[in-house]
Amino acid sequence: MAAVTYELIKKDSKSKARRGRVHTPHGSIETPVFMPVGTAATVKAMRPDEVKEMGAQIILSNTYHLYLRPGHEIVREAGGLHKFMNWDRAILTDSGGFQVFSLGDLRKITEEGVEFRSHIDGSKHMLSPEKSIEVQNALGSDIIMAFDECAPYPADRGYVKNSLERTTRWLKRCKEANKNEDFQSLFGIMQGGMYQDLRYQSAMEIVDLDLPGYAIGGLSVGEPKDIMYEVLDYCVDYLPADKPRYLMGVGSPDYLFEGVERGVDMFDCVLPTRIARNGTAMTSRGRVVIKNAAHERDFTALDPECDCYTCRNYSKAYLRHLFKSNEILSSMLLTNHNLHFLINLMSNMRKAIEEDRFLEFKREFYNKYGKF
Ligand SMILES: CNc1nc2c(CCNCC3CCCC3)c3nc(N)[nH]c(=O)c3cc2[nH]1
């Protein structure tokens, strides 16, 4: 029995949306779920007790970052990531492939793996399927992601086909490298760019390995929204219904609605935490850019419908003042709100699916969204 299992609770009658539960060694996760990102073993500007208090069931961290700093051996000696960062719920770690392409100074991709220079000090490194699994085993995360190549967008068919086939070979090496780990579940990642037949090929190859869960990779890489939704629509159908489906790197409200409607269970995105530090709040009426002069004498809460700590205690005027003053509290309060907003949105989506009114809930949301 895999350490991570999926339990389908309810399927929406009018869409592919589904309500489920992912069981892990560090507790179960109600799905659909938004997973806050904690890249360097911390959800930036948040304490773990606050992240737990707002209802986060699982957070993400990253092989690439933790391998470079502080080093996975130090995290291993600390007793693993849960102990090191004082988080006792589930953790998912990405494999580092995507980050090497997007952060590191990529040197070379070979069958062996990827050579790159650290974005921190320029030192030379190699990440391979085996190295990525060794690091994730040292981190002790509950769900570990396969070492893959996220093909760039746009990319020609030939490149995408070769890349997905290498990603499948790398997945087999990941599975072999992880075979003695009883508590860490390896998820495969589907690639194939925007080509339906290649997506089908990638799905068949990774599903053949009978893994506890599967991610849809290679999306949210700059492709137009309608292409992403079209690809997502058929990708979900190529994955087994009895395993969790994780759409990587997706997380603003509209993408979450469209993803849930198409049958996705798990999402992650750096947006809510990143834009908070840049002074932007996600609200039920759309985004609020707190530094705008319009908020200078606005003594109302960010979001009239939000009951988070920030919305219960502070006004837009005060939050604008904090941001303009470059106060640390600005990042803390806006991050707290943005994460609370998304976690609460997912909780309401779960309830809507349970009550068979998901599409109505989505319509209600859009009727308010973008209307100040
Ligand atoms: C933003 N868009 C996007 N992100 C993608 C990501 C990263 C998901 N987020 C990981 C967290 C961020 C820091 C800590 C972990 C992808 N990751 C992998 N392995 N493969 C993808 O195809 C892949 C594709 C992605 N597309």
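Every number for a ligand or one of its atoms is a count from 1 in the order of the listing. Side-chain atoms are counted along with the backbone in the values below, which use heavy atoms only and exclude waters and symmetry mates.
- With hydrogens left out, the protein atom closest to atom 2 (N) of ligand 1 is Ser220 O, 2.8 Å, a heavy atom.
- Partners of Ala276 under the side-chain contact (heavy atoms from CB on, under 4.5 Å) rule, at least two apart in sequence or in another chain, are Leu334, Thr335, Asn338.
- More than 12 heavy atoms of other shown residues, nucleotides or ligands fall within 6.0 angstrom of atom NZ in Lys175.
- In this structure, Lys10 and Glu355 have side chains that are not in contact, with every pair of non-hydrogen atoms separated by 4.5 Å or more.
- Between Leu66 and Val135 the shortest side-chain heavy-atom distance does not fall below 4.5 Å.
- Not a single heavy atom of His65 sits less than 4.0 Å from an atom of ligand 1.
- Counting protein heavy atoms only, atom 23 (C) of ligand 1 is closest to Phe98 CD1, 3.5 Å.
- The other members of the hydrophobic cluster of Val4, by chain and number, are Tyr6, Leu8, Val22, Ile29, Val33, Met35, Val37, Ile58, Leu60, Leu92, Ile143, Met145, Phe187, Ile189, Tyr246, Met248, Met266, Val270 (side-chain heavy atoms under 4.5 Å, ILVMFWY only).
- Heavy atoms of Ser95 found under 4.0 angstrom from ligand 1 belong exclusively to the side chain.
- The residue from Asp268, Val100, Thr93, Thr273 that puts a heavy atom closest to atom 9 (N) of ligand 1 is Asp268.
- Proximity of Leu219 to ligand 1 is established by a heavy-atom distance of less than 4.0 Å.
- Residue contact check for ligand 1: Gly97 places no non-hydrogen atom closer than 4.0 Å to it.
- Nearest protein heavy-atom contact of atom 20 (N) of ligand 1 is Asp148 OD2, 2.8 Å.
- Residue contacts with ligand 1 do not include Ala146, since none of its heavy atoms lies under 4.0 Å from the ligand.
- Between atom 19 (N) of ligand 1 and the options Leu271, Asp94, Ile216, the minimum heavy-atom separation is to Asp94.
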